[in-house]
Amino acid sequence: MKPSFQSNEEAVTHVQELFLKHIDEIRGFIRAFARNRPLADDVLQETFLTITAKADSFEPGTKFPQWARAIARFKILELSRRDTGRLSFLTEEAIEVLAGENEQPEWDENFEPLEECVEELPASMRKMIDLRYQAGRKPAAIAEQVGWKVEAVYVCLSRARNVLKDCIEGKTTKKA
Amino acid sequence: MNDDQKRSLEDLLDGYFGEELDDAGHLQLSEVLQNSPEARALFWERSQLESQLENWGQRQHGEVIAFPQTPRNQSNRWRPWLTASGWAAAVAMGIGFWANQSAPKEQSVAKTESNEPKSEENSTSTNPRSGNNHAVAYLSQLVDLESEEDFLAGQLLEVGREVVISKGLMELVFFSGAQITIEGPARFTPTSDMEIAFAEGGAQAVVPESAIGFKMVLPDGLVTDYGTSFDVRVIDGKTERIQVIEGEIEVSSEVRKDEARRLLIGDAISIEDTGSLANTEYKPVGFTESIEVLAKRSARARQAAWLEYCRKLDQDESLAVHLSFLPQESGQKVIKNHSQTATAPQSASVISAKWSEGRWPGKPALSFHRPSDRVRIEIPGEFPQATLAAWVRVDGLPRKYNGLFFSEYFSEGETHWQLSSAGEYMFGIRPKDSPPISKFHRAFSGPVLSPWAFGSWRFLATSFDSTTREVVHYVDGREVGRITMEEAIPLRFGRATLGNFHDPYYSNHDESPGLTEEWSFRNWTGAIDEFLLFSRALGSDEIAEIFEAGKVN
């Protein structure tokens with residue numbers, strides 16, 4: 001017998017708690033399709049409002065991230081249809097396929113390996129990562145700042161990400 | 001996938017994730033992803049890493065709020081965080097702050113007319129409440145508080161935020177679960193969700209299982225709590241007493257850091273100048289009464305004083321509408337206009353907004369967060385002068401337009417009273433003979449509501465005078481904006497809406513360019529527990545008086 005709620009208020013509280021518990025995963029999903037940050041913000045907020053409005057339709061015990069992602073996907077598709085070319089999206093077909101079930105890998109909640117690996121990066125790579133992900137600069141802006149060609153920035157970031165990927169893999173398999 | 005294809009895909013992904021891919025590139029990438037499962041796997045691998053790095057970047061900035069974990073010990077103390085408003089506030093905070101923004105600061109000085117939200121980068125701030133630190137605790141209760149600064153029950157406290165109070169009691173709940181009640185005169189600074197630097201005053205700490213190891217740094221020593229409760233008194237930089245009410249703590253002095261002592265229930269010590277921990281007499285209670293009892297008494301007194309004031313206010317000839325939401329009205333679908341001088345309207349209708357708790361226990365409020373939530377009221381007549389005022393709880397400002405009060409749609413003198421997502425007042429009047437979708441005559445303020453105080457009750461008011469064309473905005477009885485409109489006509493409200501915007505032509509607007517959900521959906525997010533409409537422009541003294549009479553504590 002599936003658990004059910006006494007009141008809508010309880011349902012709302014329940015889904016909102018779940019939303020916050022899985023917020024990194026939901027935000028990560030949205031960011032895959034909405035590369036413009038303010039837009040991604042809006043989609044995340046809209047998704048929160050919709051899950052609240054539809055709290056009664058969520059079946060407790062089922063997978064919340066799946067349900068929330070479906071709602072987020074709907075919002076993203078809506079936006080991509082309405083877009084007049086100011087923002088850039090993948091095609092609708094591509095979004096549909098990518099957003100399909102079993103396409104996304106398991107979301108890893110543990111951020112400690114990444115933190116440690118970033119600390120272990122050589123200084124030049126660390127600087128690139130800081131500029132790109134902490135200061136939030138786009139590669140062209142970074143190129144201007146450090147006096148490199150933008151292709152060189154891309155290469156350095158790519159190498160840094162590979163180093164991080166290997167390092168994280170090393171740390172997680174060690175723990176397993 | 002061969003090496004060339006892989007390289008080409010990686011270039012496309014670089015451009016896509018770097019936001020530097022052109023339209024042709026997007027089409028190309030889309031096609032590859034649609035047709036190749038291997039490409040999609042690479043896409044998701046890259047996407048996850050990008051997201052994790054972004055989260056890492058934000059943590060470095062201290063902008064990611066440490067959300068409380070779903071508590072295992074669900075005592076009464078956690079309930080404030082489990083309400084929708086608490087979570088909504090947390091979400092509004094956590095997701096509004098990307099790397100290049102900072103928290104809007106509240107302003108108590110009037111700003112000149114502004115049509116566009118001003119960027120926060122322009123304002124320098126000596127306000128210790130900076131947007132770059134992350135919150136670690138919230139103020140759950142205040143009783144008889146006296147301090148140079150204003151504190152609001154429900155507000156968040158961030159790392160490094162020094163608090164000085166001269167009198168009264170303040171209860172802090174840390175995100176780890178630790179609960180500290182502080183008695184003034186006192187001075188302290190939260191340093192993490194598991195630590196507080198306590199410089200002066202009396203404090204009682206209750207540390208549940210989720211916060212074992214909570215530390216209190218004293219001027220001359222350190223206390224580590226292994227559960228459950230202790231109290232402390234520091235006077236003039238010296239720890240006069242630490243005593244264990246329940247459970248176990250560890251104490252060491254600054255001078256003799258290596259000599260830590262474990263104390264158990266009933267133990268009491270003081271820290272001597274030499275650094276030794278001297279046994280002292282255990283005194284049964286730290287504070288005269290528990291803060292909850294005091295808070296309840298204070299709330300009852302405030303509510304009684306407010307009711308008394310309302311009886312007088314409701315006789316004011318210029319009070320057209322007073323929705324007081326008295327206790328007996330809780331749960332009703334129809335609420336009363338308590339103004340004794342107005343002949344109409346007699347009442348207002350509640351549509352889907354839910355009854356919840358208002359400023360004081362027992363005082364009901366209506367909570368709004370769904371697009372359908374609203375109160376409808378029909379207000380006849382023309383208002384050459386007006387004052388709109390409401391006691392509200394802002395749980396978030398997720399909409400572009402967060403609606404407080406709107407006149408009947410597409411009517412002459414149509415008035416909009418709302419807040420922007422940046423916390424600015426947006427007061428507007430429809431120009432004469434304008435088409436349905438029009439730019440209104442505007443009187444906007446700068447940012448006046450900060451997310452740091454989301455979840456607290458505020459008194460919002462705006463006065464309007466069509467002869468002087470002046471609009472004045474207030475928060476908590478203080479002027480925060482004064483604007484002279486370029487044109488002003490008398491206001492009309494008609495079939496008006498509180499807490500939402502009623503657009504009867506929603507489906508027509510789908511065709512209008514630029515009109516999206518964000519134009520049509522303007523529901524308030526939070527609660528409203530009193531609404532007043534006067535037919536004259538009240539002066540700042542009067543507004544301050546109404547605030548004082550109705551303030552929470």
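Order of the sequence lines fixes the chain letters, A, B, ..., with proteins taken first and strands second; residue numbering starts at 1 for each chain.
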Do B/R7 and B/D4 come within less than 4.5 Å of each other through their side chains, counting heavy atoms only?
-> yes

Does the side chain of A/L18 reach to within under 4.5 Å of the side chain of A/F58, using non-hydrogen atoms?
-> yes

Disulfide (SG to SG under 2.5 Å) contacts in which one or both residues fall within residues 19-64 of chain A, not counting sequence neighbours | none

Can you name the residues of residues 139-148 of chain A that have some heavy atom under 4.5 Å away from a heavy atom in chain B?
-> A/P139, A/A140

Among A/E25, A/R161, A/E115, which has the most heavy-atom pairs under 4.5 Å with chain B?
-> A/R161

Less than 4.5 Å apart, any side-chain heavy atom of A/T47 and any of A/T50?
-> no

Flag side-chain contact, heavy atom, 4.5 Å: B/L397 against B/F454 = yes

Kindly write out the residues that satisfy salt bridge (Lys or Arg N to Asp or Glu O under 4.0 Å) with B/E45, not counting sequence neighbours, or none if the list is empty.
-> A/K165

Spacing of A/S88 atom OG and B/E20 atom CD [to the nearest 0.5 Å] = 11.5 Å

What part of B/L49 is in contact with chain A, defined as an atom under 4.5 angstrom from a non-hydrogen atom: side chain, backbone, both or neither?
-> side chain

Would you kindly say whether A/R69 and A/Q104 are connected by a side-chain donor-acceptor distance under 3.5 Å?
-> yes

Side chain / backbone / both / neither for B/S47 at chain A, heavy atoms under 4.5 Å = side chain

Applying a strict 4.5 Å limit to non-hydrogen atoms, the region of A/T52 in contact with chain B is side chain

Atom group of B/F43 that falls short of 4.5 Å from chain A, counting heavy atoms = side chain

Does the side chain of A/W67 come within less than 4.5 Å of A/V15's, by heavy atoms?
-> yes

Highest number of heavy-atom pairs under 4.5 Å with chain A among B/E19, B/Q52, B/E31 belongs to B/E19

Portion of B/R370 that has a non-hydrogen atom of chain A nearer than 4.5 angstrom = side chain

In chain order, what residues pass the ring-ring contact (aromatic ring centres under 6.0 Å, His included) check against A/F89, with sequence neighbours excluded?
-> none

Using the six-membered ring wherever Trp is involved, compare the ring planes of A/F29 and B/W44 and label them parallel, tilted or perpendicular (cut-offs 30° and 60°).
-> parallel

Which atoms of A/E151 come close to chain B, meaning under 4.5 Å heavy atom to heavy atom: side chain ones, backbone ones, both, or neither?
-> neither

Which answer fits A/L98, side chain, backbone, both or neither, if we ask what part of it has an atom under 4.5 Å from a heavy atom of chain B?
-> both

A/I129 versus chain B, the contacting section by heavy-atom distance below 4.5 Å | both

